[in-house]
There are 2 protein chains.
Amino acid sequence: MSPPGTDLRERLHQRGLRVTPQRQLVLEAIDRLGHATPDAVCAEVQSVASGVNLSTIYRTLELFEKLGLVRHAHLGSGSATYHSAASAAHLHLVCDGCGAVDEADIAVAQDLVGRLRSAHGFTPDVEHMAISGLCAACSKSVS
Amino acid sequence: MSPPGTDLRERLHQRGLRVTPQRQLVLEAIDRLGHATPDAVCAEVQSVASGVNLSTIYRTLELFEKLGLVRHAHLGSGSATYHSAASAAHLHLVCDGCGAVDEADIAVAQDLVGRLRSAHGFTPDVEHMAISGLCAACSKSVS
DNA sequence: CTTACTGCAAATATTTTGCATTTGG
DNA sequence: CCAAATGCAAAATATTTGCAGTAAG
């Protein structure tokens, strides 16, 4: 295992980009948070260091996505959330009732993926999928 | 078949709400457009009548959703899009490459729905699902 | 040194809200 | 008439951008 940050250094240097403390902080924050909106990343970063501007967070996340370090998904009406690309691929289950976000293994979508491919020629991006509905707890309270 | 607009009248009257020209125009616009953002609905309405305020469009769409006349889905990063609830239920396939929106029968998700129910106790809202990926045309151009 | 990067403030875009006026029933 | 609905303008959010100063390599 390479020490943390090594991957970031390499990917940035390859393209003639620079390793800044802000970029390292953002990447660490994402790893710690799991899923997070740009705003949440900003708050998390500021709890460690003095302060990183929100614009920089946005620009950094966009860059990281281009570099393949993070991915984003749209969970409902709010902001997009970002998560480390290193973490296992998963589906997002967003509860309309309580807003909780659960994760499901992408294997549960295998059948769907196959059907969309053959019937529509469409190649779904399962990691990016957000599925809304009602979680176990909220299903009960409705019925 | 009842004449168009009858359904709207009934549902509004039932709740002591009023039938206004704006509400009729919005419903007609949604029917004509298929899928549309609030902004697009506004433009479509204004192409027929003189003008309906955007705030009114938002308030009207929210009301219609409560009444079960329309539904909305989040297709990618942009605004939510609304469509008639009367039209057949479907999944939205959004191409990351060209932005095209295709529709798939909800039957293709039957397996996924069952798995999420049994494994997570989660009841997905298939109509609301937006699936991103690459359409047939864009898949080719990438490879 | 060179130029990529950051912070800041202003510009955009999107959706919501308060309130005076209009209007459906 | 009277409560509901609309228009308008302002507020709240979310995201992007121009630019001058800072700092990585």
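Convention: sequence-line order gives letters A, B, ...; per-chain numbering from 1. Reckoned from all heavy atoms, side chains included, excluding hydrogens, waters and symmetry mates.
The separation between L67(A) atom CG and dC5(C) atom P is 10 Å, rounded to whole Å. Between D39(B) atom CG and dT16(C) atom C1' there is a gap of 15 Å when expressed in whole angstrom units. If you take CG of L17(A) and P of dT6(C), they are 10 Å apart, rounded to a whole angstrom. Across the protein-nucleic acid pair, L8(B) atom CG and dG25(C) atom C1' stand 15 Å apart, rounded to whole Å. In this structure, CG of L61(B) is placed 15 Å from C1' of dT6(D), rounded to the nearest angstrom. Atom P of nucleotide dT14(C) and atom OH of Y82(B) are separated by 14 Å, given to the nearest angstrom. Look at NE2 on H74(B): it is 15 Å from C1' on dA14(D), rounded to the nearest Å. At whole-Å resolution of the value, CD in Q22(A) and P in dA23(D) are 10 Å apart.
Aromatic ring centroids of H74(B) and H128(B) lie under 6.0 Å apart.
Looking at heavy-atom distances under 4.0 Å, R23(B) makes contact with sugar-phosphate atoms alone, never a base.
At a cut-off of 3.5 angstrom, counting only N and O atoms as typed in the model, there is a donor on one side and an acceptor on the other between the side-chain of R18(A) and the base of dT3(C).
Of the two residues contacting DNA chain C, namely P21(B) and L54(B), the nearest-nucleotide position lying further toward the 5' end is that of L54(B). DNA chain D is contacted by both V19(A) and T20(B); T20(B) maps to the nucleotide lying nearer its 5′ end (nearest heavy atom per residue).
Summarising the geometry, atom CG belonging to N53(A) is positioned 11.0 Å from atom OH belonging to Y58(A); distances are rounded to the nearest 0.5 Å. One finds the OG1 atom of T60(A) at 12.5 Å from the CD atom of E65(A) (value rounded to the nearest 0.5 Å).
The closest donor-acceptor contact from the side chain of H83(B) to the backbone of T81(B) lies at 3.5 Å or more, if one exists at all.
OP1 or OP2 of dT15(D) lies within a sub-4.0 Å distance of a side-chain N or O belonging to Y58(A). Contact between the side-chain N/O atoms of S55(B) and the OP1/OP2 oxygens of dT6(D) is not found at any separation under 4.0 Å.
For N53(A), the listed nucleotide lying nearest its side chain is dG7(C); candidates were dC8(D), dG7(C), dT14(C).
Closest heavy-atom contact between S132(A) and D96(A): CB-OD1, 3.5 Å.
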